Amino acid sequence: MTTQLVDRTTAVRLEAVSKVYGHGGNGLLALDKVSLSVRPGEFVCLLGASGCGKSTLLSLVAGLDKPTQGEISTVGRQVAMMFQEPALFPWLTVSANVEMAFRAEGLSKHERRTRAAEFLDLVHLGGFGKKRPHELSGGMRQRVALARALAQSSSSSSSSAEDEGGAVLLMDEPFGALDAMTRDLLHDELERIWRERALSVLFVTHNVREAVRLGDKVVLLSSRPGKVVEEFPVELARPRRTDSAEVAELAAKITDRLKEEVLRHGH
Amino acid sequence: MTTQLVDRTTAVRLEAVSKVYGHGGNGLLALDKVSLSVRPGEFVCLLGASGCGKSTLLSLVAGLDKPTQGEISTVGRQVAMMFQEPALFPWLTVSANVEMAFRAEGLSKHERRTRAAEFLDLVHLGGFGKKRPHELSGGMRQRVALARALAQSSSSSSSSAEDEGGAVLLMDEPFGALDAMTRDLLHDELERIWRERALSVLFVTHNVREAVRLGDKVVLLSSRPGKVVEEFPVELARPRRTDSAEVAELAAKITDRLKEEVLRHGH
Amino acid sequence: AACGSSASPAGDGAAKELRLGYFPNITHATALVGVEKGFYAKHLGVPVKTSTFNAGPAAIEAVFSGAIDATYIGPNPAINAWEKSKGKAINIVAGAASGGVYLVVKQGINSPADLKGKKIATPQLGNTQDVALRYWLDSKGLKTDTKGGGDVHIVPQENAQTLQTFATGDIDGAWVPEPFASRLVIESKGKILQDERDLWPNKQFVITHLIVRQDWAKANPDLLKKLLEAHVEATKYLNDDPAAAAQTVNTAIQKLTQKPLKPEVLASAFKNITFTNDPIASSLTGSADHAVKVGLLKPVDLNGIYNLKPLNEVLAAQGQQSISDR
Amino acid sequence: MAVDTHARQIAGLDALELAGDQRAGIASRVWARVWPMLTAIALVLVAWQLVVLSGRWPEYVFAGPITTFQDLGHRLGDPEFYQAVGTTMRRAVTGFALAVLVGLVVGAAVSRVKVLRAAFGALITGLQTMPSIAWFPFAILLFGLTESAITFVVILGAAPSIANGLITGVDYTPPLLLRAGHVLGFRRLQLYRHVILPASLPSFLAGLKQGWAFAWRSLMAGELLVIIAYQSSLGEQLAISRELSDSPGLIGTMIVILVIGIVIDMLFEAADSALRRRWGLNPV
Amino acid sequence: MAVDTHARQIAGLDALELAGDQRAGIASRVWARVWPMLTAIALVLVAWQLVVLSGRWPEYVFAGPITTFQDLGHRLGDPEFYQAVGTTMRRAVTGFALAVLVGLVVGAAVSRVKVLRAAFGALITGLQTMPSIAWFPFAILLFGLTESAITFVVILGAAPSIANGLITGVDYTPPLLLRAGHVLGFRRLQLYRHVILPASLPSFLAGLKQGWAFAWRSLMAGELLVIIAYQSSLGEQLAISRELSDSPGLIGTMIVILVIGIVIDMLFEAADSALRRRWGLNPV
Ligand SMILES: Nc1ncnc2c1ncn2[C@@H]1O[C@H](COP(=O)(O)OP(=O)(O)OP(=O)(O)O)[C@@H](O)[C@H]1O
Ligand SMILES: Nc1ncnc2c1ncn2[C@@H]1O[C@H](COP(=O)(O)OP(=O)(O)OP(=O)(O)O)[C@@H](O)[C@H]1O
Ligand SMILES: [Mg+2]
Ligand SMILES: [Mg+2]
């Protein structure tokens, strides 16, 4: 609970973190002694079968839930997060939803709007600022959520100059509802922002190629209880392409390992 | 509006269907003169960029919304649908949610429960019948919705013996939140049920390989306004594998066409 | 007084105004004409702030809280206030009205014996009319009880409701004050079976009197006297020219409630009420005794409830007879 | 053979009542809202006249529409009537505004602070069930015979249900939105202002509507408490009509109260509709 | 340097108040619910006694806790008291049950049928604002001097807010769930029963709570309407206490009313908690 605990070379650290939902006989062990760390400016991808505890892990890191056991520490004034569901505020317009990311900063109304528009352009939703969430398609909503999370993690209050790494960004299947093209374009944008802002990213996906395309490290979780099975460092040069051979090769390797894991658990 | 209009060789027919959201200057043309037909027992996949009108199209077919112009007809007493969101009833247990599919049939409580359990097993959620939706992960919720839709479309009331084809099943990105393994397993199950029940399926996905893996025909929509760009018949022998070369080849061809389309629209 | 002296926001030292309460009701005619004709204003020399109430409890609450100094009121709330405060809160300083209470019954009921098994309404359980009815029935050999059982069923209900239930036949009679008695007779063809005046010595019993807060009276003896002067003049006006007075009363009622009495009801009711400065002490103690007898009240010590000395001084100054508090 | 044509689907859709014919002109839309109301009024009037004609009760016990509207017409011609309505409305609005304030503060505190909730949560409903007359003595003790006494009774009547509306709203705020707000860096008051309050708005609005009804009813009773000389009010008129068994007067006053209630409801309804439209919920 | 440790995150979490220490024993959990209430009661009693001691008002005007509880103690020793409470509770429960029925039917009809809504929607709030005393004459006309007259007043008091609760719930049913129900083949009544009603439950429950308050208040007034042989009632006791300027009696009766209100609230709260737990909403 002191600064000593937070190593300057770690942005996020989980040490033997376990999480049990419910009590006693009905309790469900979602995470079992997971240890994991993200270095400042590192891009870590999390892979695992459906229901293995990825979202649970992100909630714990974001401080939305308490671990049953273990320690979690994060550096950076703020942790930005993109949920698995869009989690937009239905009473706000699309633009206002993105503007919420700047609320804490105390920007002027006009500035907030301008910056929100930039991020909406980024996710190809330029003309939709005045719509309400219910008027968007599923994928468009997801992109609004993406815009909000990116806006938050690149806002000045979440990364201060003194920090070695920038803010922490948690993303839970951010591109799940998007077509391959849009996805590819957004991969590039995300990579750019990550580098510019020196973000520390923890990224959940089901798409192994995507993980390899983006990550510095891919972490594989087993299911029920979620445990770290293996960590794959990705040492390919950037920029990478999702359809490049190297990516495909490493992805195939990880997929095999994942398949093994999933099948072992009767999935 | 007469039986003549419904061709016995068509399960779903859209004729020059347009859909405008909103009015006047604010109106958004989501679908523009879309014509499409699904033969009884045919598996049709819909592809298109995010926001191109795929979900809108399914709503129209399901009768949840009125087309602004054009005619829609469906055969079969009931159209089963799986939404893009899980759309589970939060006040019911997982099992009760699936049981809702049999409500209209008047099965006994016990029978309903047994059949629901079967479908939950099918989606690998055997032990979760007594949980509530909020206790599940995102992918698990999606699988519950899948179980419900499959249950409904294979229940006796939705396909009557006289019909040439079985029920109509509409699916909106049913596997979006699932890992590749679970997805593969469920592809097989879906294919089996589709064949056994002679379902007519309209299947929305962003995964081109998945579309080629499952479909008899892949329909490509352009975006804003949604128009049918091209239909690709898939003449590969079943069973197909997602990672087979033929599938990859056709998928690459469709992806190129899709990319062209997306880029043309400034995405 | 040991307590309550701080209760008056106006301060009891030297009051700059008089706060007077009354009801917009024909039995409060003294106050109505007093205000309408300006008697209070004329005599008091300080501004008179009037408050009207629609029932006794609110008036007593206002007296207790020090929101008003004096009010016209019926005998029951006065007795309650006296008893609850153990004789510390109020005094009766003058009478205002007497009579005007009747047992009105349906046609076809001709004697007390015919009342057996019938439903008779009174304004409220344990009030003077209620006690009077029970005592009277008792004297006629008819049993009643406080729960509405017995030979005659007594149903306490608001007078307004009595008008309605008598008209619809839900009740067979009612022991009520004016103007309700006259309305029952005139509008619903009721018949008077008993005039309460006939049950009392000199055909007199109190229906309205004037009470004041004790600590106000103590601090403002002069104002009290002036109030009584005005009161006496109002009573005189009512008795000197009943026809004009009746009109004045109706004008006042109309101003306060927007609903004047019908002329025939006004005439009948006015005729049945006697306006007097005498609080008819004997009727109050008598009624309390009756209440004890019919089992509605624990014996109360009403000794000291009257403070008629200022009134008698005022009357003496005008050469009128003094009034006894027994 | 089971055939599902377009026509059948539209029928199914109508059952859902999700869609209105949105291309209809304004005139016809207004008419669509007005004619059922006019029909309802006409039906009530006819039924009322029939009951009176049946002769079951004499006119002075149960006045017919003709007598009532004649009487009401007279009153409508009298400036004093408008004064009375004005006085009552002024009191209602003041009292309600204060009650909203109190309800908001109490509701906010109780809904988010566990200790306060355990201590006072149940008390709020307890207070809500307390009839207004019980407060009268206290109102007079505290405020004397002033309008404040009336306002006090109105606030005690309305604030609990406003607070309860807010509490329900807070309790049912979707956890996902709370989490989103938390992640965006909102804490305590900010979380309240930016997430919880807007998310509770529908329920809060429902509470306001109930609160208005409580405020109004308390006011009708409270106006008898302090009758300010020569300042008539609706509550007083209602009581006097009843006191005098003045059937046309009573029914007339009831109609006035009903009309005011309906107008206020329309204001709430408009707010609610706007809210629903913004949230993307089925418009009426 | 901005350092966010585990400790700070827990603090953030507490602000969210999503978690309770669920491993605590039952005894300590009960205690956690009880002590704030006891403290609140103690505080109120102390404040009350202090006001009395201040001598601002004499005891006969504002009775102190000691006098009041002595008086209440006497009444609690009297079987008639329990009879009175019993009578009132019986009437409240009967009236409320009928009001729920009426409210449910009216609410269901009005919320789903456009024409009815246009015709009667606004009337419901209008009726809600109608003070009970306005109905007294009609109650007696229709039912004479019977208990049914009281029940009638109670129903008219409570049914509108129950209907309104249901209507709000229906209006705010998530469209996605309606669509899901429609696709599952539910139409009209079935859609109502399987989707709309359960989805509206939270709002309906809130409406029930408000309805109970209305029912109870209407009852307190209505019990004066018909005073039935051999049956004392709380409403009557309240009125008589006031009539007799009996301050300890009045406060005592108010305490009884408050306690009943609190107990009823706890029942509602239990139902609501169960509902929230099932729906996965933040438990209290
Ligand atoms: N209820 C609505 N009101 C207004 N506009 C809407 C509504 N629903 C959808 N739209 C618009 O219609 C277009 C098509 O939406 P639709 O949901 O059909 O897209 P989609 O193809 O399913 O996209 P995705 O792959 O992102 O789910 C979008 O531009 C969207 O903004
Ligand atoms: N609120 C909760 N209450 C009880 N159990 C829960 C809760 N949330 C998650 N779980 C359980 O914890 C396990 C992990 O859930 P989690 O949401 O972390 O999975 P996930 O890896 O994100 O899966 P997916 O890829 O499907 O989103 C699941 O078995 C789920 O049933
Ligand atoms: Mg997840
Ligand atoms: Mg979609």
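Lettering follows sequence order; numbering is per chain, from 1. Owing to the predicted nature of the structure, the values given are computational and were not obtained by experimental measurement.
At most 12 non-hydrogen atoms from other residues, nucleotides or ligands lie less than 6.0 angstrom from CG of Leu189(E).
A donor-acceptor contact shorter than 3.5 Å links the side chain of Arg187(E) to the backbone of His182(E). Panel note: side chain Ser203(D), backbone Ser200(D); no donor-acceptor pair is recorded below 3.5 Å.
In this structure, no portion of Phe268(E) lies under 4.5 Å from any heavy atom of chain D. Looking at Ser161(E), both its backbone and its side chain come within 4.5 Å of chain D, counting heavy atoms on both sides. The contact between Met220(E) and chain D is made entirely by side chain atoms (from C-beta outward), counting heavy-atom distances below 4.5 Å.
Options Gly261(D), Ala40(D), Gly207(D), Pro131(D) differ in how many heavy-atom pairs under 4.5 Å they form with chain E, and the most are formed by Pro131(D). The most heavy-atom pairs under 4.5 Å with chain E, out of Leu141(D), Leu238(D), Ile262(D), come from Leu141(D). The residue among Val115(E), Leu275(E), Leu38(E), Thr168(E) with the most heavy atom pairs within less than 4.5 Å of chain D is Val115(E). Ranking Leu205(D), Asn164(D), Thr129(D), Ile260(D) against chain E, the residue ahead of the rest is Thr129(D), based on heavy-atom pairs under 4.5 Å. Ranked by heavy-atom pairs shorter than 4.5 Å toward chain D, the options Gln210(E), Arg242(E), Met37(E) are led by Gln210(E). The greatest number of non-hydrogen atom pairs below 4.5 Å with chain E, out of Thr39(D), Asp272(D), Leu43(D), Leu127(D), is found for Asp272(D). Contact tally against chain E (heavy-atom pairs below 4.5 Å) for Pro202(D), Ala239(D), Gly121(D): the top residue is Pro202(D). Here Phe138(D) is the residue among Trp212(D), Trp35(D), Phe120(D), Phe138(D) with the most heavy-atom pairs under 4.5 Å with chain E.
Using bins of under 30°, 30° to 60° and over 60° for the plane-to-plane angle, the ring pair Trp48(E)/Phe62(E) lands in the tilted bin.
Among residue pairs with one or both ends in residues 249-258 of chain E, none qualify as salt bridge (Lys or Arg N to Asp or Glu O under 4.0 Å); sequence neighbours excluded.
Salt-bridge check for Asp171(D) with Arg112(D): failed, with every basic side-chain N at 4.0 Å or more from each acidic carboxylate O.
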Pairs of donor and acceptor atoms involving the side chains of residues 247-258 of chain D, under 3.5 Å and at least two apart or interchain, shall be tabulated with distances.
{"unit_1": "Ser247(D)", "atom_1": "OG", "unit_2": "Val61(D)", "atom_2": "O", "d": "3.3"}
{"unit_1": "Ser247(D)", "atom_1": "OG", "unit_2": "Ala63(D)", "atom_2": "N", "d": "2.9"}
{"unit_1": "Thr253(D)", "atom_1": "OG1", "unit_2": "Arg75(D)", "atom_2": "NH1", "d": "3.3"}
{"unit_1": "Thr253(D)", "atom_1": "OG1", "unit_2": "Arg75(D)", "atom_2": "NH2", "d": "3.1"}
{"unit_1": "Thr253(D)", "atom_1": "OG1", "unit_2": "Gly249(D)", "atom_2": "O", "d": "2.7"}

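For Phe186(E) and Tyr192(E), the ring centers are positioned 6.0 Å apart or more.
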